[in-house]
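The structure appears right after this line, and notes come after that.
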Amino acid sequence: MTTEAFEHIANTLRPQLVQLCERFLAIKQLPEEAEDMVQETLFRLWQMRGRLDCYDSPEALAVTIAKNVCIDHLRQHRMRFESIEAGDVEDTGGADQRLIEDETQKWIQTALNQLPKTQRQMLTMRSEGMNLDEISTICNTTKQSTKTMISAARRFILGLLRKGGQQ
């Protein structure tokens, strides 16, 4: 296959491949990486240019390659995220960074402990991703009351932060 023929196929397929990769990567909120996946797809297709004439549909091959590239990327992204959660990432901050993180955690725990029990529970549940309806059901309060208590807890912690962590 000539370079010109390949460029024609690549230019024709690019919009379709971008759309496909954006849909795949939208699952993990990574649509901005779609262009990189398309480039990887076209690179792999370029490496196969000598054998493309053997395929009935180079377009179908390109779509299959794009899907596989996206799946590989999502797997790598998941493994990277899981290793960060597990703490397997190399520590580049050194002792100073760990000290700052430890002090921050202690400060957050101290601030949370100063909250009334219900506000602390509600703020914790909210930070874990629960919505107001779920929290109000668990705590047996109205949605408005839950919202008010979470807001009060946030204002209290913000006040502590502004005072430098001292009450």
Side-chain angles (χ1 to χ4, degrees), residues 14-47 62-167:
R14 178 175 286 283
Q16 178 185 358
L17 294 174
V18 168
Q19 187 178 31
L20 173 74
C21 292
E22 283 176 344
R23 281 195 320 250
F24 255 95
L25 298 173
I27 295 168
K28 293 289 184 182
Q29 290 86 34
L30 302 169
E32 65 279 355
E33 296 181 22
E35 186 62 37
D36 294 339
M37 301 303 102
V38 171
Q39 288 294 330
E40 177 66 23
T41 300
L42 293 175
F43 176 71
R44 290 183 185 183
L45 209 56
W46 173 254
Q47 290 177 322
V63 168
T64 301
I65 292 171
K67 286 179 183 179
N68 290 334
V69 166
C70 289
I71 289 169
D72 288 346
H73 181 72
L74 290 172
R75 284 180 182 152
Q76 289 173 352
H77 185 268
R78 185 184 71 220
M79 288 187 321
R80 210 171 30 242
F81 181 74
E82 287 172 354
S83 96
I84 289 170
E85 281 185 334
D88 295 337
V89 176
E90 179 181 320
D91 183 14
T92 58
D96 292 341
Q97 185 63 31
R98 281 194 302 271
L99 182 62
I100 291 169
E101 290 171 3
D102 290 345
E103 287 298 317
T104 302
Q105 286 293 30
K106 287 178 188 174
W107 185 88
I108 290 171
Q109 194 57 52
T110 301
L112 286 173
N113 288 338
Q114 292 178 35
L115 289 170
K117 181 182 177 185
T118 305
Q119 285 184 359
R120 181 174 56 245
Q121 287 174 329
M122 289 179 173
L123 187 62
T124 302
M125 286 187 269
R126 186 69 170 156
S127 70
E128 291 172 350
M130 294 178 74
N131 65 40
L132 293 174
D133 291 325
E134 294 169 327
I135 297 169
S136 59
T137 300
I138 291 170
C139 295
N140 198 24
T141 60
T142 65
K143 184 176 178 179
Q144 184 59 43
S145 177
T146 301
K147 187 175 180 180
T148 301
M149 292 178 81
I150 291 172
S151 178
R154 287 178 176 160
R155 278 194 312 273
F156 177 79
I157 290 177
L158 182 60
L160 285 179
L161 182 60
R162 287 183 178 149
K163 292 178 185 176
Q166 307 299 320
Q167 186 179 11

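Atoms considered below: every heavy atom in the structure, side chains included; atoms not considered: hydrogens, waters and symmetry mates. What you are looking at is a predicted structure, and each value in this text was computed from that prediction instead of being measured.
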So, Ser136 and Thr141: side-chain donor and acceptor under 3.5 Å apart, yes or no? no

Surrounding CG of Asn140 (heavy atoms of other residues, nucleotides or ligands, distance under 6.0 Å), is the total greater than 12? no

Can Phe43 and Val38 be said to form a side chain to side chain contact (heavy atoms under 4.5 Å, CB included), step by step? CA-CA 8 Å; Phe43 176 71; Val38 171; over 6 Å; no

All heavy atoms of Ala153 vs all of Leu123, minimum pair found to be CB-CD2, 4.1 Å

Rounded to the nearest 0.5 Å, what's the gap from CG on Leu17 to CD on Gln39? Could you check? 10.5 Å

With Met125, the side chain to side chain contact (heavy atoms under 4.5 Å, CB included) member among Asn131, Ile135, Ile150, Leu132: Ile135

Return the CE to CD distance between Met149 and Gln119, rounded to the nearest 0.5 Å. 5.0 Å

Nearest-0.5 Å distance, CD of residue Gln144 to OG of residue Ser151: 9.5 Å

Which residue pairs satisfy the salt bridge (charged side-chain N to carboxylate O under 4.0 Å, His left out) criterion with at least one member in residues 149-158, sequence neighbours excluded? none

Could you state the interatomic distance from CD (Gln121) to SG (Cys139), rounded to the nearest 0.5 Å? 5.5 Å

Distance (rounded to the nearest 0.5 Å) between Met37 CE and Asp72 CG: 9.5 Å

Under 3.5 Å: donor-acceptor pair, side chain of Ser145, backbone of Thr142: no

Atom of Phe156, atom of Leu115 and distance for their closest heavy-atom approach: CD2-CD2, 3.5 Å

I need the full list of salt bridge (charged side-chain N to carboxylate O under 4.0 Å, His left out) pairs touching residues 113-140, with sequence neighbours left out, sorted by first then second residue. Asp133-Lys143

Beyond-backbone contact of Ile138 with Met130, side-chain heavy atoms, under 4.5 angstrom: yes

Knowing that exactly one of Thr41, Thr64, Leu42 qualifies, which makes a side chain to side chain contact (heavy atoms under 4.5 Å, CB included) with Val69? Thr41

Could you tell me which residues satisfy salt bridge (charged side-chain N to carboxylate O under 4.0 Å, His left out) with Arg14, sequence neighbours excluded, listed by chain and number? Glu35

Output for pair (Ile65 CD1, Lys67 NZ), nearest 0.5 Å, gives 12.5 Å

